[in-house]
2 protein chains.
Amino acid sequence: MSEKRLNQAIETLKESGVRITPQRHAVLEYLLNSMVHPTADEIYKALEGKFPNMSVATVYNNLKVLREVGLVRELTYGDSSSRFDCNTSDHYHTICNNCGKIVDFHYPPLNEVEALAEQVTGFDVSHHRLEVYGTCPDCQKVGTKKH
Amino acid sequence: MSEKRLNQAIETLKESGVRITPQRHAVLEYLLNSMVHPTADEIYKALEGKFPNMSVATVYNNLKVLREVGLVRELTYGDSSSRFDCNTSDHYHTICNNCGKIVDFHYPPLNEVEALAEQVTGFDVSHHRLEVYGTCPDCQKVGTKKH
DNA sequence: TATTTATTTATAATCTTTACAATTAGTTTA
DNA sequence: TAAACTAATTGTAAAGATTATAAATAAATA
């Protein structure tokens with residue numbers, strides 16, 4: 001039941017003067033319901049059935065718009081393509097070294113780190129990001145290496 | 001005087017059975033003396049004068065080898081290309097939203113975060129990474145936007 | 001020195017993302 | 001509602017980073 005979040009997000013878009021097209025709505029909805037931080041291509045493939053004529057460019061365009069409005073964050077990890085995250089609440093990510101799976105976990109925001117960085121470097125700090133890497137339970141069981 | 005670190009690194013390579021070619025030596029040396037976490041292309045351009053016939057592929061090959069041996073870390077940020085870091089001591093990065101500059105800063109390792117992530121997610125945690133984003137002093141002064 | 005193996009080089013190929021121009025669709029105004 | 005305006009979509013090309021491949025070269029070993 002993420003109906004409420006979807007409606008809130010649409011409200012945000014309207015307030016920003018952004019049109020709600022079917023494709024845009026679909027990308028937003030998919031991201032809100034997705035727990036796995038999909039790549040642009042994954043979103044494209046997922047919506048292909050519903051929008052057979054949709055271009056990959058549309059997915060990128062919409063992700064850019066959603067990012068600019070603040071509804072979506074772009075995450076870059078070691079792998080080749082960016083991942084997109086709709087969950088704007090404070091959380092960090094755990095990433096599997098083996099299969100690339102991403103799992104959220106909550107932890108009090110590291111404000112002291114930001115404060116110290118600001119002091120030491122003279123930066124005007126806006127935000128930070130933290131990722132914990134390791135082997136996920138599934139890959140621990142199987143014990144297989146990726147390549 | 002990072003002579004010592006260079007020699008240690010070369011020792012590590014020898015122990016791993018990796019040949020020390022002039023190009024490889026140069027890439028390693030450049031990374032050790034660089035404070036700015038260069039991209040592969042920056043390394044390539046920097047060594048062009050010394051090795052006019054060197055291929056970009058060689059830079060990538062060597063970075064891969066150095067990474068596999070544990071001498072180099074690959075860092076992926078929002079911008080398009082990876083950056084490479086030879087400093088294996090514990091430190092975090094501050095990154096300028098505007099110009100992309102990277103500045104190191106030291107902070108006690110966040111072991112508690114790793115421990116909690118391990119508990120909550122069941123991952124077998126290997127390491128973590130943290131970056132603080134903001135506007136660097138130079139860009140604060142100038143007040144110019146990148147695009 | 002001859003042989004084996006790793007590395008380099010040059011180039012092509014791949015993959016992700018952006019740019020662009022034409023078309024289409026949504027919104028506003030008359 | 002129709003006309004006019006603007007934003008978004010589409011299809012395709014282009015850019016940029018990285019990897020793959022095969023031939024040539026250099027290093028190590030016997």
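Residue numbers begin at 1 in each chain, while the letters A, B, ... track the order of the sequences.
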Donor-acceptor pair, [X] side chain versus [Y] backbone, under 3.5 Å?
X: B/T135; Y: B/Q140; value: no
X: A/E29; Y: A/L6; value: no
X: A/S34; Y: A/Y30; value: no

Which nucleotide in the set [options] lies at the smallest distance from any side-chain heavy atom of [X]?
X: B/A57; options: C/dT9, D/dT10, C/dT7; value: C/dT9
X: A/T58; options: C/dG26, C/dT8, D/dT9; value: D/dT9
X: A/T21; options: D/dT9, C/dT17, D/dT18; value: D/dT9
X: A/R24; options: C/dT17, D/dT9, D/dG11; value: D/dT9

Can you find a side chain N or O atom of [X] that sits less than 4.0 Å from OP1 or OP2 on [N]?
X: B/Q23; N: C/dT9; result: yes
X: A/S80; N: D/dT18; result: no
X: B/Y60; N: D/dT19; result: no

Problem - A/L63 side chain reached by A/I43 side chain, heavy atoms, under 4.5 Å - result: yes

Handout entry: Any N/O donor-acceptor pair, B/R19 side-chain to C/dT5 base, under 3.5 Å
Key = yes

Practice task
Determine the contact category for B/N61: base if any of its heavy atoms lies under 4.0 Å from a base atom, sugar-phosphate if only primed atoms, P, OP1 or OP2 are that close, otherwise nothing.
Solution key: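 If one applies the 4.0 Å heavy-atom cut-off, B/N61 turns out to touch a base.
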
Exercise for the section: Describe the nucleic acid contact of B/S82 in one word from base, sugar-phosphate, nothing, applying a heavy-atom distance below 4.0 Å. Expected result: sugar-phosphate

Exercise for the section: Take atom CD of A/E48 and atom C1' of D/dT10, then tell me their distance rounded to the nearest Å. Expected result: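 Distance check: A/E48 CD to D/dT10 C1' gives 14 Å.
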
Exercise for the section: Find the distance B/K14:NZ to D/dA27:C1' and express it as a whole number of Å. Expected result: 13 Å

Exercise for the section: Using the closest heavy atom to pick a nucleotide of DNA chain D for each, name whichever of A/V65 or B/E74 lands nearer the 5' end. Expected result: A/V65

Problem - 5'-most by nearest nucleotide on DNA chain D - A/S55 or B/T39 - result: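 Checking each residue's closest nucleotide, the 5'-ward one belongs to A/S55.
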
Practice task
Could you let me know what D/dA3 is paired to, Watson-Crick or G-U wobble, both distances under 3.5 Å, or none if it's on its own?
Solution key: C/dT28

Exercise for the section: Identify which one of B/H25, B/R24, B/R67 satisfies the side chain to side chain donor-acceptor pair (under 3.5 Å) criterion when paired with B/N62. Expected result: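 Single pass found, and it is B/R24.
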
